[in-house]
Amino acid sequence: MASSKKEMEKKRLVKETISSMTKQIEKLEDQKELYIEKGKEAKAKGLTNQYELALSGLKMTITQIRRMEEMKLNFEITSQMRDMSQMTVDFLKGMGSLSREMSKLTNEKTFLKVQKEFTDAMTGVETQMADMDAFMSDTSSAFKRNSAMSPEDTKAAERMIDAPSGEELDDEIEKEFEELKKLMG
């Protein structure tokens, strides 16, 4: 029963952590929109330094969003892998118990077969743990690679700032609509 409480507490902590990461991503998305807005405002007023500052903030925020999304995904995957490992451990405990019971009821040859199956299952758990270690190492490398933005990402961030705002976009659409009406007769 105590292990059941511990397991429930672990699951609660996992859910809280995922929720916290989701909220952080949402805050960063809001921050990204603010930098875009401020960059447009600075550009419209010809404030080069403030535009560069907004662009720099936007690039940092985009990088942080990517990191948080990767961290959240890694956390979710690792949590699922832990759950699978726990199921394997539970299976192995059951197999061990079953093997002990079977050894009382059967001859030595049958016990050796169950013991071999048990050993094979343990080897599977060790392989799974090695795969998880490799995954975590790869994830760490990915974080390092994505810490800096490429020139293309910088240009994409600049395009976000240069994109027309809602009112300007409405004016552009209205102009295009009027031109189409003229063409149609």
Side-chain angles (χ1 to χ4, degrees), residues 1-36 56-157 159-160:
M1 185 143 187
S3 68
S4 176
K5 279 187 177 183
K6 285 182 182 179
E7 192 60 32
M8 287 174 46
E9 178 65 15
K10 286 178 186 176
K11 286 183 180 186
R12 184 186 65 77
L13 288 173
V14 166
K15 285 182 181 179
E16 284 180 6
T17 302
I18 291 172
S19 175
S20 174
M21 289 177 169
T22 300
K23 287 178 185 174
Q24 184 63 30
I25 291 169
E26 289 170 0
K27 286 179 184 178
L28 288 168
E29 287 290 344
D30 290 343
Q31 186 175 333
K32 179 179 96 173
E33 293 303 317
L34 179 68
Y35 282 127
I36 291 171
S56 176
L58 177 60
K59 290 191 297 185
M60 285 187 336
T61 301
I62 290 170
T63 299
Q64 288 175 339
I65 289 170
R66 286 182 184 157
R67 284 184 189 152
M68 284 302 300
E69 288 172 343
E70 287 177 9
M71 288 171 52
K72 181 182 172 198
L73 182 59
N74 288 340
F75 187 80
E76 290 169 336
I77 291 170
T78 303
S79 174
Q80 290 172 354
M81 290 175 79
R82 186 191 69 79
D83 290 346
M84 287 189 302
S85 295
Q86 184 61 47
M87 285 189 282
T88 303
V89 168
D90 292 345
F91 167 77
L92 293 176
K93 285 180 184 176
M95 284 297 295
S97 175
L98 184 60
S99 297
R100 286 188 292 277
E101 291 297 316
M102 288 177 68
S103 70
K104 294 176 186 175
L105 301 172
T106 62
N107 63 26
E108 188 175 315
K109 286 183 181 178
T110 305
F111 178 74
L112 291 175
K113 180 181 174 187
V114 171
Q115 187 176 12
K116 182 189 178 320
E117 290 174 356
F118 180 78
T119 302
D120 290 345
M122 287 301 291
T123 301
V125 169
E126 290 172 4
T127 301
Q128 188 179 40
M129 291 295 117
D131 290 346
M132 188 182 331
D133 288 343
F135 169 78
M136 295 307 290
S137 177
D138 290 347
T139 300
S140 178
S141 295
F143 285 148
K144 288 177 186 171
R145 283 192 311 272
N146 289 321
S147 64
M149 290 185 75
S150 69
E152 293 83 20
D153 289 337
T154 299
K155 288 180 182 176
R159 282 193 302 273
M160 285 181 199

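For reference, positions follow the sequence shown, starting with 1. Keep in mind it's a predicted model, so treat the numbers as computed, not measured.
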Got a donor-acceptor contact below 3.5 angstrom from the [X] side chain to the [Y] backbone?
X: S97; Y: K93; answer: no
X: T17; Y: L13; answer: yes
X: T22; Y: I18; answer: yes
X: S19; Y: K15; answer: no

Going by atom type alone, with no hydrogens or angles, which donor-acceptor pairs under 3.5 Å involve a side-chain atom of residues 24-35 and a protein atom two or more places apart or on another chain?
from : atom 1 : to  : atom 2 : distance (Å)
E29  : OE1    : K32 : NZ     : 3.4
Q31  : NE2    : T61 : OG1    : 3.2

Can you tell me how far the [atom1] atom of [X] sits from the [atom2] atom of [Y], to the nearest 0.5 Å?
X: E7; Y: K11; atom1: CD; atom2: NZ; result: 5.5 Å
X: T119; Y: K116; atom1: OG1; atom2: NZ; result: 8.0 Å
X: L73; Y: M21; atom1: CG; atom2: CE; result: 10.5 Å
X: K23; Y: E16; atom1: NZ; atom2: CD; result: 9.5 Å

Is any side-chain N of the basic residue among E9 and R12 closer than 4.0 Å to the acidic one's carboxylate O?
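Here E9 pairs with R12 in a salt bridge, since their nearest N and O are under 4.0 Å apart.
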
With sequence neighbours excluded, tell me which residues meet side-chain hydrogen bond (donor to acceptor under 3.5 Å, both in side chains) with Q80.
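Not a single residue meets the side-chain hydrogen bond (donor to acceptor under 3.5 Å, both in side chains) criterion with Q80.
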
Mind checking whether M81 and M84 have side chains closer than 4.5 Å, heavy atoms only?
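Side chain of M81 against side chain of M84, heavy atoms only: contact under 4.5 Å found.
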
Does any part of the side chain of E69, heavy atoms only, come nearer than 4.5 Å to the side chain of K72, both counted from C-beta?
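A side-chain contact is absent here, since even the closest heavy-atom pair is not under 4.5 Å.
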
Residue pair M95 / E117: nearest heavy atoms and the distance that separates them
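So the two residues come closest at CE-OE1, 4.1 Å.
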
